[in-house]
Amino acid sequence: MSGRLARLAPLVRRAAAANTPHRFYHSATSAGGLLRSDAGLRLLNQRPWPLGSYALHNVPAVRSISFVRILPKIVTKFASLGAVAGGAVIAGASYIQYQAGQAGGYVLDIFNRTTDRATNIAGTLYEGASQTLDQTRRGWLKTKEEFDYPDWMKAILFPEETSGGSGGGSGPEGNPKQSGPSAGTAAAGATTAAAFGYDSKDEEDSSSEERIARDEQMMMLTKKMIEIRSLLQTVGQSETLTLPSIVVIGSQSSGKSSVLEAIVGHEFLPKGSNMVTRRPIELTLVNTPEARAEYGEFPALGLGKITDFSQIQRTLTDLNLAVPVEACVSDDPIQLRIYSPNVPDLSLIDLPGYIQVTGRDQPAELKEKIRELCEKYIRSPNIILAISAADVDLANSTALRASRKVDPRGERTIGVITKMDLVDAERGASLLNDQKYALRLGYVGVVCRVPQATGTGKLFNRGNGSITSAITKNEAAYFSSHAEFGSGSNLDVGTHNLRKKLMYVLESTMASSLKTTSEAIQRELAEATYEFKVQYNDRPLSAESYLAESLDAFKHSFKGFTEQFGRPEVRAIVKHEIDQQVLNLLAQRYWNRPFDDLSQPLPDPDPLSSLPKADLDNPIWQIKLDSSSTSLTKLGIGRLATSVVANALQTHIDQLTLSSRFATHPFARQAITEASTTILRDLSYDISDELEICIKPYKYRIEVEDHEWAKGRENVTNTLKEELKVCESAAKNVESQIGGRKKAKDVMAFIDRVRDGKVVLEGDGIGGAGGFSSALLHKGREAVFLRDRVDILKMRIMAVKSKQCANKTNKYYCPEVFLDAVADKLTTTADLFLDAELLSKFYYLFPRELDTRLGRGLSQTEIERFAREDPKIRRHLDVVRRKELLEHVLKEMEALRQLEAREKRFSSRTTPSNEREKRGGKGWSLF
């Protein structure tokens with residue numbers, strides 16, 4: 001409703017000024033449809049105003065008004081509508097009173113024909129009182145000196161005066177504060193005036209208010225078209241899918257940067273003596289009526305909002321100086337957006353300035369590269385803003401010479417003459433009226449130099465403040481002091497006129513390109529739709545949905561893994577690891593021969609072959625078994641079992657990752673690996689200690705039952721057989737490395753003679769011996785070791801299968817069976833504890849950690865990066881995104897067409913055709 005009231009306010013003022021109630025009613029109802037709302041219908045059903053108040057609008061100007069006659073009916077109105085409604089009625093009466101002095105001599109006829117219409121006006125004024133209160137009070141203040149208001153009415157109409165100006169409604173200057181919707185309307189108008197450079201006193205004039213309202217509509221159109229241009233830049237790099245911008249060209253000394261800074265109101269462009277502008281700067285100005293702060297953004301850098309314009313200047317300088325000197329210039333643009341309530345909506349491109357002579361420290365091809373870069377950007381349909389200094393003849397203007405090549409008729413070139421104060425006024429006026437180098441859009445003269453502070457001799461304090469006010473005052477002082485630039489000269493001078501011209505020309509040029517662009521968008525959309533249907537079967541896809549589907553599929557496969565990996569699998573893993581430790585203990589204490597080198601073999605006092613017939617009174621075999629079982633229980637089973645199970649879980653997670661969609665996504669694989677390793681590491685610390693406590697009783701006493709002995713006998717037999725197979729396979733591998741069985745037998749026979757003392761080997765065979773090299777002797781030792789181990793394993797398998805090992809009382813004769821039974825007890829305790837603690841906790845925490853790392857914890861940028869790691873998905877996303885963007889742009893263009901139609905109707909009623917032509921605008925249509 002507030003927006004409709006804001007649109008209604010200018011129409012109310014124009015209709016009131018026309019002194020025709022019928023036109024007033026028609027304009028108000030057709031503009032916003034306010035009287036068709038519920039609030040309007042309720043007001044229409046109320047009682048009409050008293051006849052005395054109608055008479056106020058129609059009495060001749062020679063009659064004076066008597067408040068005594070209308071006082072009773074006003075009091076009646078107060079009783080029916082309350083204090084607020086009564087105030088609105090008095091406001092309407094006072095407004096009509098002001099119009100009474102302007103009425104004609106046809107009182108009775110108008111009175112009879114407008115009685116019903118005035119009732120509708122009252123309802124409209126009541127509904128829109130909050131929006132137009134500020135304008136109405138302004139009219140009252142102009143006429144309050146002509147009438148003697150009673151004190152009670154002054155208290156209602158002018159509460160600021162009756163309160164002495166000390167209440168909370170006064171601002172710092174003693175003026176009333178605006179609040180509510182009226183304050184928003186006033187702020188919007190003030191922002192428009194600031195964006196176009198209007199003086200505040202111009203707002204008092206009704207024609208200026210109409211211009212501001214028209215410029216507001218035009219700013220809205222331009223803002224929409226700039227938004228569409230930004231969208232088209234994200235769609236693709238096609239030259240047909242773009243809208244024109246204003247390209248600023250000029251020599252390095254022409255004042256190009258000063259013009260742009262005067263438009264923005266801040267010094268933000270890089271400055272220096274060694275050509276600091278080496279890249280195009282795509283500058284987008286965005287008018288923000290509701291905001292007070294001014295700030296800039298670099299979309300490609302992600303630096304956020306920068307309110308310090310000196311920091312923007314430093315950033316631009318660094319980005320430009322990043323281009324190497326030998327590369328001269330770069331066509332990679334710098335994107336900068338500036339948001340401010342004091343700038344118009346414009347799309348500008350600042351290019352490096354033309355040079356005439358190449359310096360010694362500059363590449364020889366610099367001049368040519370700058371020319372090529374500028375020619376690339378000033379092609380049609382872009383608008384050319386040719387900057388020329390007033391103290392240089394237009395015939396020598398580099399900017400005009402370059403624009404004439406691509407725009408020979410001067411149809412899309414705006415000439416800007418800077419430094420107008422450096423030449424005499426007659427010379428400056430002749431430059432603006434130049435016909436030899438005529439431009440259809442004309443010339444604008446400006447003085448963008450920031451003036452010195454009065455009486456101080458110092459420059460205006462720039463800081464981070466706006467320089468617009470200082471430049472505007474300086475231009476106004478200069479141009480108003482010379483008659484050549486007066487109102488009758490029909491010359492465009494001043495930065496504020498340049499702003500308006502740029503707005504109108506950009507709007508017109510963009511609009512003329514919209515039809516061609518719309519057709520190109522429709523063709524691109526048809527191609528994207530066809531590709532989307534044929535290649536992807538109309539399957540919608542986004543980065544978020546792809547990530548969610550991939551994560552759900554992975555969690556589903558993980559759930560299947562949890563159902564297959566349980567306590568039996570944990571037992572098998574732990575048992576296998578402990579069996580390997582049992583084999584190591586057997587090898588250390590029973591199987592290995594006690595010799596240190598080949599030259600000095602040590603005798604074996606108690607060979608393993610004598611164990612089946614050994615005398616138990618000999619304590620050596622008891623000591624060996626007891627020390628072996630103690631070593632096994634004190635091995636650190638808690639840490640060992642926890643680590644092997646955790647490693648097994650991590651291995652399975654890696655396998656699941658490689659078989660899922662995440663296989664082609666390094667970022668996701670790393671996140672999954674980090675999630676699993678973090679959980680397993682945190683759990684392992686406590687679980688290993690707790691498991692070690694559980695197996696502590698076995699460190700002091702171990703009792704083996706008959707069924708455990710039988711089971712251990714069977715298990716160790718299988719374990720020894722598997723170890724035998726491994727040793728035989730390794731022996732064959734060593735034989736092949738030596739060079740065959742025959743050569744391996746020769747080397748092994750030589751080593752056996754050395755071990756038996758039949759051959760003395762000097763230096764442990766480092767230099768070779770017996771006709772064999774040192775490497776061959778080393779492989780021969782490995783072959784002998786494996787041969788002996790195979791013989792021992794075969795012997796122990798036969799011993800375990802013998803009747804002697806069938807009874808647990810013979811544990812000293814069968815250490816393998818006893819140690820396997822101990823290992824089985826340790827395994828049972830470990831798998832039970834690990835299943836309850838490690839597996840259950842990991843299965844619970846891991847999916848939730850995935851949701852955090854690959855779901856809620858990811859930013860939009862990270863999700864987009866993840867999806868685009870897969871080339872197929874990246875192509876699918878590009879097609880979907882392109883199709884959606886094209887559809888969105890078409891919708892925006894349709895909304896722009898409707899907005900343009902309203903603006904065209906409004907402009908045709910309020911702006912003469914010659915004024916529109918002067919501003920650069922033409923009667924145009926989007927389609």
Side-chain angles (χ1 to χ4, degrees), residues 572-573 575-604 607-609 611 628 631 635 640 643-644 647-648 651 654-655 658 715-801 815-816 819-820 823:
I573 294 173
K575 186 63 169 63
H576 179 269
E577 185 65 24
I578 297 180
D579 286 344
Q580 296 303 314
Q581 298 300 324
V582 169
L583 293 176
N584 292 337
L585 291 173
L586 290 172
Q588 293 174 8
R589 290 177 167 82
Y590 290 94
W591 299 345
N592 294 338
R593 291 188 62 181
F595 67 92
D596 54 357
D597 55 37
L598 294 179
S599 59
Q600 296 179 356
L602 298 178
D604 188 3
L608 187 61
S609 58
L611 180 59
S628 298
S631 299
L635 185 64
L640 177 65
S643 62
V644 295
N647 291 336
T651 302
D654 294 339
Q655 293 175 354
L658 294 177
N715 290 336
V716 79
T717 302
N718 296 330
T719 302
L720 293 176
K721 288 181 178 180
E722 292 178 0
E723 184 69 10
L724 177 61
K725 292 179 181 179
V726 172
C727 291
E728 290 176 343
S729 176
K732 291 181 179 180
N733 186 27
V734 172
E735 285 183 359
S736 62
Q737 293 178 3
I738 292 176
R741 178 175 297 180
K742 183 177 184 303
K743 192 171 185 179
K745 285 183 177 181
D746 294 340
V747 177
M748 293 167 63
F750 176 78
I751 294 175
D752 287 338
R753 290 197 298 271
V754 173
R755 290 172 60 183
D756 294 338
K758 298 178 180 179
V759 176
V760 178
L761 187 63
E762 297 180 359
D764 198 20
I766 296 177
F772 303 105
S773 64
S774 175
L776 197 60
L777 291 176
H778 179 72
K779 289 295 181 182
R781 292 173 184 173
E782 292 183 7
V784 170
F785 172 81
L786 291 173
R787 181 198 63 188
D788 294 343
R789 179 58 55 86
V790 168
D791 294 339
I792 292 174
L793 289 173
K794 290 179 178 180
M795 179 183 63
R796 294 313 301 168
I797 290 174
M798 293 178 62
V800 169
K801 290 181 178 181
E816 296 89 353
L819 292 177
D820 187 271

L583 side chain near T719 side chain, heavy-atom distance below 4.5 Å: yes

Minimum heavy-atom distance I751-G780, with the two atoms named: CD1-C, 3.2 Å

Check: S729 and K725 side chains under 4.5 Å, non-hydrogen atoms: no

Closest non-hydrogen atom pair between W591 and I792, with its separation: O-CD1, 3.1 Å

Minimum-distance pair of heavy atoms, taken over all atoms of P815 and L611: CD-CD2, 4.1 Å

Gap separating the CD atom of Q580 from the CD1 atom of I578, nearest 0.5 angstrom: 11.5 Å

Heavy-atom side-chain proximity of K743 to K779 below 4.5 angstrom: no

Distance-minimising heavy-atom pair for L724 and V790: CD1-CG1, 3.6 Å

Ion pair check, D752 and K745, cut-off under 4.0 Å: no

Close side-chain approach of E577 to L640, heavy-atom, < 4.5 Å: yes

Nearest non-hydrogen partners of S631 and R589, listed with the distance: OG-NH2, 3.3 Å

Spatial distance of atom CG (L776) from atom CZ (F750) [nearest 0.5 Å]: 10.5 Å

Criterion side chain to side chain donor-acceptor pair (under 3.5 Å) against D579, the qualifying member of K575, H576, Q581: K575

Point-to-point distance, once rounded to the nearest 0.5 Å, from CG of L786 to CD of E728: 10.5 Å

V582 to A823 - nearest heavy-atom pair and separation: CG2-CB, 4.0 Å

side-chain contact (heavy atoms from CB on, under 4.5 Å) assessment of L586 paired with R796: CA-CA 11 Å; L586 290 172; R796 294 313 301 168; over 6 Å; no

Heavy-atom donor-acceptor pair, D820 side chain to E816 backbone, under 3.5 Å: no

